[in-house]
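Data block below; observations after.
Atom set for the values below is all heavy atoms of this structure, side chains included, hydrogens, waters and symmetry mates excluded. Source: prediction; values computed, not measured.
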Amino acid sequence: MKWIVGLGNPGGQYAGTRHNVGFMAVDEAAKAWGISVTQAKFKALVGEGHVKGEKVLLMKPMTYMNLSGESIRAMLDFYKADIQDGLVLYDDMDTVFGQIRLRYQGSPGGHNGIKSIIQHTGTAIFNRIRIGISRPVPGTDIANYVLSDFRKEEVKELPFVLGTTLEAMEFSLAHTFEKTMAKFNK
């Protein structure tokens with residue numbers, strides 16, 4: 001089984017924010033693959049289906065960003081799943097808006113969701129798609145920035161970004177993550 005987790009915050013007030021682009025990417029995959037991500041399990045909303053002959057679990061932790069690792073740990077324990085069979089989707093200020101960056105290891109870089117995953121799984125080695133949200137102008141409060149909605153011109157580009165993220169997710173189901181990184185890290 002492959003698992004894909006999008007990071008975000010629950011609640012309507014966060015739905016269109018930069019910090020919820022991981023949720024948006026999971027929603028895009030759910031729509032494309034016909035998977036309903038509505039079952040409450042592991043302090044998350046989950047859905048299972050088959051994509052390209054592979055069993056896939058989609059998940060959106062409902063723990064708030066800084067506790068995302070609790071949800072992932074519960075899922076890994078329940079399924080006796082391997083951390084290497086997963087993919088974590090999240091917002092990244094160090095990646096320019098409109099681009100994605102794939103990595104299989106690294107520090108959290110100040111991202112509390114990634115920090116929580118590393119803390120609860122005991123490893124910084126797991127597959128990730130960092131979805132670019134760009135850095136705010138100097139002097140901007142970071143928390144306010146990531147919890148703000150995308151600008152109007154960014155909203156127009158978001159379907160393209162989510163489409164590219166979906167292509168990378170789908171490609172990763174049938175190929176190694178190294179091949180996926182080579183194809184999508186431009």
Among pairs that include at least one residue of [range], which meet salt bridge (Lys or Arg N to Asp or Glu O under 4.0 Å), considering only residues two or more places apart or in two chains?
| range | answer |
| --- | --- |
| residues 32-47 | Lys43-Glu70 |
| residues 56-65 | Asp27-Lys60 |
| residues 105-126 | none |

How close do [X] and [Y] get, counting heavy atoms only, and between which atoms?
| X | Y | result |
| --- | --- | --- |
| Ser71 | Ala44 | OG-CB, 3.3 Å |
| Gly69 | Ser116 | N-OG, 2.8 Å |
| Ser148 | Arg18 | OG-NH1, 2.6 Å |

Could you tell me if the side chain of [Y] sits less than 4.5 Å from the side chain of [X], heavy atoms only?
| X | Y | value |
| --- | --- | --- |
| Met59 | Ile72 | yes |
| Phe184 | Ile129 | no |
| Leu87 | Lys2 | no |
| Met1 | Asp85 | no |
| Ile131 | Asp91 | no |
| Leu89 | Met169 | yes |

Nearest 0.5 angstrom please: [X] [atom1] to [Y] [atom2], how far?
| X | Y | atom1 | atom2 | answer |
| --- | --- | --- | --- | --- |
| Tyr64 | His19 | OH | NE2 | 12.0 Å |
| Ser68 | Ile114 | OG | CD1 | 8.0 Å |
| Tyr90 | Ile133 | OH | CD1 | 11.0 Å |

Report summary line: Per side chain to side chain donor-acceptor pair (under 3.5 Å), Arg130 is matched among Asp94, Asp92, Thr165 by Asp92

Do the side chains of [X] and [Y] join up, straight or via other hydrophobic residues, at under 4.5 Å, putting them in one cluster?
| X | Y | value |
| --- | --- | --- |
| Phe177 | Leu58 | yes |
| Leu57 | Met24 | no |
| Met75 | Val88 | yes |
| Leu158 | Ile100 | yes |
| Leu162 | Val26 | yes |

Which donor-acceptor pairs under 3.5 Å do side chains of residues 3-14 form with protein atoms, sequence neighbours excluded?
| from | atom 1 | to | atom 2 | distance (Å) |
| --- | --- | --- | --- | --- |
| Trp3 | NE1 | Asp82 | O | 3.1 |
| Asn9 | OD1 | Met65 | N | 2.8 |

For [X], side-chain hydrogen bond (donor to acceptor under 3.5 Å, both in side chains) partners two or more places apart:
| X | result |
| --- | --- |
| Asn20 | none |
| Gln105 | none |
| Arg151 | Glu153, Glu154 |

Report task. Show your reasoning for whether side chain to side chain contact (heavy atoms under 4.5 Å, CB included) applies to Asn127 and Ser172. Result -> CA-CA 10 Å; Asn127 302 331; Ser172 76; over 6 Å; no

Query - Qualifying ring pair (Phe, Tyr, Trp, His ring centres under 6.0 Å) pairs with a residue from residues 126-165, counting only residues at least two apart or across chains - result: Phe97-Phe150

Partners meeting side-chain contact (heavy atoms from CB on, under 4.5 Å) with [X] (sequence neighbours left out):
| X | value |
| --- | --- |
| Asn144 | Asp141 |
| Ala124 | Ile118, Arg128 |
| Asn185 | Arg101, Leu102, Met181 |

Query raised in the report: Counting only heavy atoms not in Tyr104, do more than 12 sit closer than 6.0 Å to its OH atom?
Result: no

Query - Check against side chain to side chain contact (heavy atoms under 4.5 Å, CB included), Gln84 and Ile125 - result: CA-CA 8 Å; Gln84 301 311 315; Ile125 301 172; 3.9 Å; yes

Name every donor-acceptor pair, under 3.5 Å, that has one atom in a side chain of residues 28-36 and the other anywhere in the protein, sequence neighbours excluded.
| from | atom 1 | to | atom 2 | distance (Å) |
| --- | --- | --- | --- | --- |
| Trp33 | NE1 | Glu170 | OE1 | 2.5 |
| Ser36 | OG | Thr38 | OG1 | 3.0 |

Query raised in the report: Would Arg73 and Gln119 satisfy side chain to side chain contact (heavy atoms under 4.5 Å, CB included), going step by step from the backbone distance to the final call?
Result: CA-CA 10 Å; Arg73 175 82 267 159; Gln119 177 187 359; over 6 Å; no

**Report entry** Residue pair Ile142, Met93: steps toward the side chain to side chain contact (heavy atoms under 4.5 Å, CB included) verdict
**Finding:** CA-CA 10 Å; Ile142 297 295; Met93 288 190 304; 3.7 Å; yes

